[in-house]
Amino acid sequence: MSEQDYSIAVQKGIVLNNKKIAENTFHLKIQSEDFKKMEYIAGFTLDIYLGNPFEQPEIEDRKYSFWDYDPIYNNADIAICTFSKGKGANWIKTIKPGDAIYFKQPKGKLLADNNAENYLLIGDTTSLSHLYEINRNLSISKNIFSFIYVNQSQDIFPDIDLSYPLNFHVINPVSAEIILKKIIEELPDNLDNTIAYIFGEPETCITIHNYLKKDRNFPIQNLRTKPFWKTNK
């Protein structure tokens with residue numbers, strides 16, 4: 001990529017607010033004129049540089065989900081968790097209003113899809129904002145089963161409108177087998193025409209994904225599975 005192309009590819013915003021909203025989560029609010037270039041779909045993500053890429057060409061970036069987007073004011077809300085204790089977790093603690101934020105063109109694969117009748121929204125705190133956004137953008141006629149697992153109640157935070165539309169379960173220590181057992185106890189019998197969003201802790205994602213695929217004959221195209229974090233990232 002040429003220097004000119006690189007300058008075009010890197011987009012910029014300004015931090016409007018950054019505050020801690022749960023034991024391990026910060027709420028980052030960004031305004032950017034560059035957001036006008038995107039055709040936003042709920043489920044988009046943003047690769048944010050952990051510094052100024054023009055001054056530090058080798059600076060790393062981290063992928064975060066849009067929690068909410070306001071196309072009138074071009075404001076984006078992002079929830080950033082610090083469980084990993086890595087560079088991204090340390091970076092968000094230093095951000096303050098007025099700071100410049102640099103990022104890549106927003107895009108996404110795990111988008112809100114209204115083509116099914118039933119939905120499973122399963123995840124942990126790291127994926128909670130993404131699941132909130134998916135939930136708000138599904139038709140009110142859809143049947144939604146939700147299961148959010150946390151290891152302490154202090155990690156729970158409400159949706160952007162301060163509501164709690166998803167079902168939380170405190171499970172400590174977090175165990176893929178225990179979480180799967182509890183999900184099986186609560187899952188609806190009929191999973192026909194269902195899309196499952198399975199996000200969060202890697203081992204738990206794989207365990208639930210394999211159960212739905214092998215034991216409940218879930219069509220692979222209806223399984224939207226994605227681990228949301230890695231230790232030290």
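Everything numeric in this text was worked out from a predicted model, so none of it was measured.
- Other residues, nucleotides and ligands contribute at most 12 non-hydrogen atoms within 6.0 Å of the CD atom of Glu39.
- Linking ILVMFWY side-chain heavy atoms closer than 4.5 Å, directly or via other members, places Ile198 and Ile179 in a single hydrophobic cluster.
- Applying the side-chain hydrogen bond (donor to acceptor under 3.5 Å, both in side chains) criterion to Ser65, with sequence neighbours excluded, gives His130.
- Side-chain atoms of Leu120 and Leu212, non-hydrogen and from C-beta on, do get closer than 4.5 Å to each other.
- Using a distance-only test at 3.5 Å, with no hydrogens or angles considered, a donor-acceptor pair links the side chain of Asn18 to the main chain of Ile92.
- Among residues two or more places apart in sequence or in another chain, the side-chain hydrogen bond (donor to acceptor under 3.5 Å, both in side chains) test is passed with Thr225 by His209.
- Counting heavy atoms from C-beta outward, Tyr149 and Ile178 have side chains that stay 4.5 Å or more apart.
- In terms of heavy atoms, Phe157 sits closest to Ser129 at CZ-N, 4.3 Å.
- Closest approach of Lys12 and Ala100 over heavy atoms only: CE-CB, 3.7 Å.
- Pairs passing the salt bridge (Lys or Arg N to Asp or Glu O under 4.0 Å) check and including a residue from residues 176-195, sequence neighbours excluded, do not occur.
- A 4.5 Å side-chain heavy-atom check between Asp155 and Phe83 finds at least one atom pair inside the cut-off.
- For the side chain to side chain contact (heavy atoms under 4.5 Å, CB included) test, no residue two or more places apart in sequence or in another chain qualifies with Lys109.
- Val174 has its side chain out of reach of Asp124: every pair of non-hydrogen atoms, C-beta onward, lies at least 4.5 Å apart.
- Not counting sequence neighbours, Asn193 has no partner by the side-chain hydrogen bond (donor to acceptor under 3.5 Å, both in side chains) test.
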Side chain to side chain contact (heavy atoms under 4.5 Å, CB included) between Ile59 and Tyr102: does it pass, once the steps are laid out?
-> CA-CA 11 Å; Ile59 195 73; Tyr102 299 88; over 6 Å; no
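- By the side chain to side chain contact (heavy atoms under 4.5 Å, CB included) test, Asn90 is found to be paired with Lys93, residues two or more places apart in sequence or in another chain being considered.
- Closest approach of Gly13 and Ile30 over heavy atoms only: CA-CG2, 4.1 Å.
- Using a distance-only test at 3.5 Å, with no hydrogens or angles considered, a donor-acceptor pair links the side chain of Asp99 to the main chain of Lys96.
- One hydrophobic cluster, built from ILVMFWY side chains closer than 4.5 Å, holds both Ile171 and Tyr211.
- The backbone N or O of Asn172 sits nowhere less than 3.5 Å from a side-chain atom of Asn151 that would complete a donor-acceptor pair.
- One hydrophobic cluster holds both Leu187 and Leu223 under the rule that ILVMFWY side chains link at heavy-atom gaps under 4.5 Å.
- Residues satisfying the side chain to side chain contact (heavy atoms under 4.5 Å, CB included) test with Pro165, not counting sequence neighbours, are Tyr132, Asn135, Asp159, Ser163.
- Separating the CG atom in Leu50 from the CZ atom in Arg62 is a distance of 5.0 Å, to the nearest 0.5 Å.
- Partners of Phe35 according to the ring pair (Phe, Tyr, Trp, His ring centres under 6.0 Å) rule, which considers only residues two or more places apart in sequence or in another chain, are Phe66, Tyr69, Phe103.
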Passes side chain to side chain contact (heavy atoms under 4.5 Å, CB included), Asp113 versus Arg224? Steps please.
-> CA-CA 10 Å; Asp113 181 343; Arg224 315 287 164 83; 3.2 Å; yes
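- With contacts defined as side-chain heavy-atom distances shorter than 4.5 Å, the pair Ile183/Ile208 qualifies.
- Cluster membership check: Phe228 shares its hydrophobic cluster with Ile21, using side-chain heavy-atom separations under 4.5 Å among Ile, Leu, Val, Met, Phe, Trp and Tyr.
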Assess whether side chain to side chain contact (heavy atoms under 4.5 Å, CB included) is satisfied between Val150 and Val170, documenting all intermediate values.
-> CA-CA 5 Å; Val150 298; Val170 177; 3.9 Å; yes
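- Formation of a donor-acceptor pair under 3.5 Å by the Tyr49 side chain with backbone atoms of Lys104 is not found in this model.
- When all heavy atoms of Thr207 and Ala176 are compared, the pair lying nearest together is OG1-CB, 3.6 Å.
- Shortest non-hydrogen contact noted between Leu111 and Tyr197 is O-OH, 2.7 Å.
- Annotation: the span from Gln11 atom CD to Lys36 atom NZ amounts to 13.0 Å, rounded to 0.5 Å.
- Every side-chain hydrogen bond (donor to acceptor under 3.5 Å, both in side chains) that Thr204 has, sequence neighbours left out, goes to Glu201.
- Scanning both residues, Pro188 and Arg216, for their nearest heavy atoms gives O-NH2, 3.4 Å.
- Side chains of Leu128 and Phe168 form a contact here, defined as non-hydrogen atoms less than 4.5 Å apart.
- When the ring pair (Phe, Tyr, Trp, His ring centres under 6.0 Å) test is applied to Phe218, no partner is found at least two apart in sequence or on another chain.
- Residues Ser32 and Asn74 fail the side-chain proximity criterion, which asks for heavy atoms closer than 4.5 Å.
- Take Ile160 and apply the side chain to side chain contact (heavy atoms under 4.5 Å, CB included) test, not counting sequence neighbours, and it matches His27, Trp67, Asp68, Asp77, Arg136.
- The NZ atom of Lys29 sits 8.5 Å away from the CG atom of Asn17 when rounded to the nearest 0.5 Å.
- Within the 4.5 Å cutoff, the side chain of Ile156 has heavy atoms near those of the Tyr164 side chain.
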Acceptor/donor pairs from residues 137-146 side chains to any protein atom, 3.5 angstrom cut, sequence neighbours excluded:
residue : atom : partner : partner atom : Å
Asn137  : ND2  : Glu133  : O            : 2.8
Asn137  : ND2  : Glu133  : OE1          : 3.4
Ser139  : OG   : Ser141  : N            : 3.3
Ser139  : OG   : Ser141  : OG           : 3.0
Lys142  : NZ   : Asn114  : O            : 2.9
Lys142  : NZ   : Ala116  : O            : 2.8
Asn143  : ND2  : Asn118  : OD1          : 2.9
Ser146  : OG   : Asn167  : N            : 2.9
Ser146  : OG   : Asn167  : ND2          : 3.4

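- With hydrophobic clusters built from ILVMFWY side chains whose heavy atoms lie under 4.5 angstrom apart, Leu110 shares a cluster with Tyr119.
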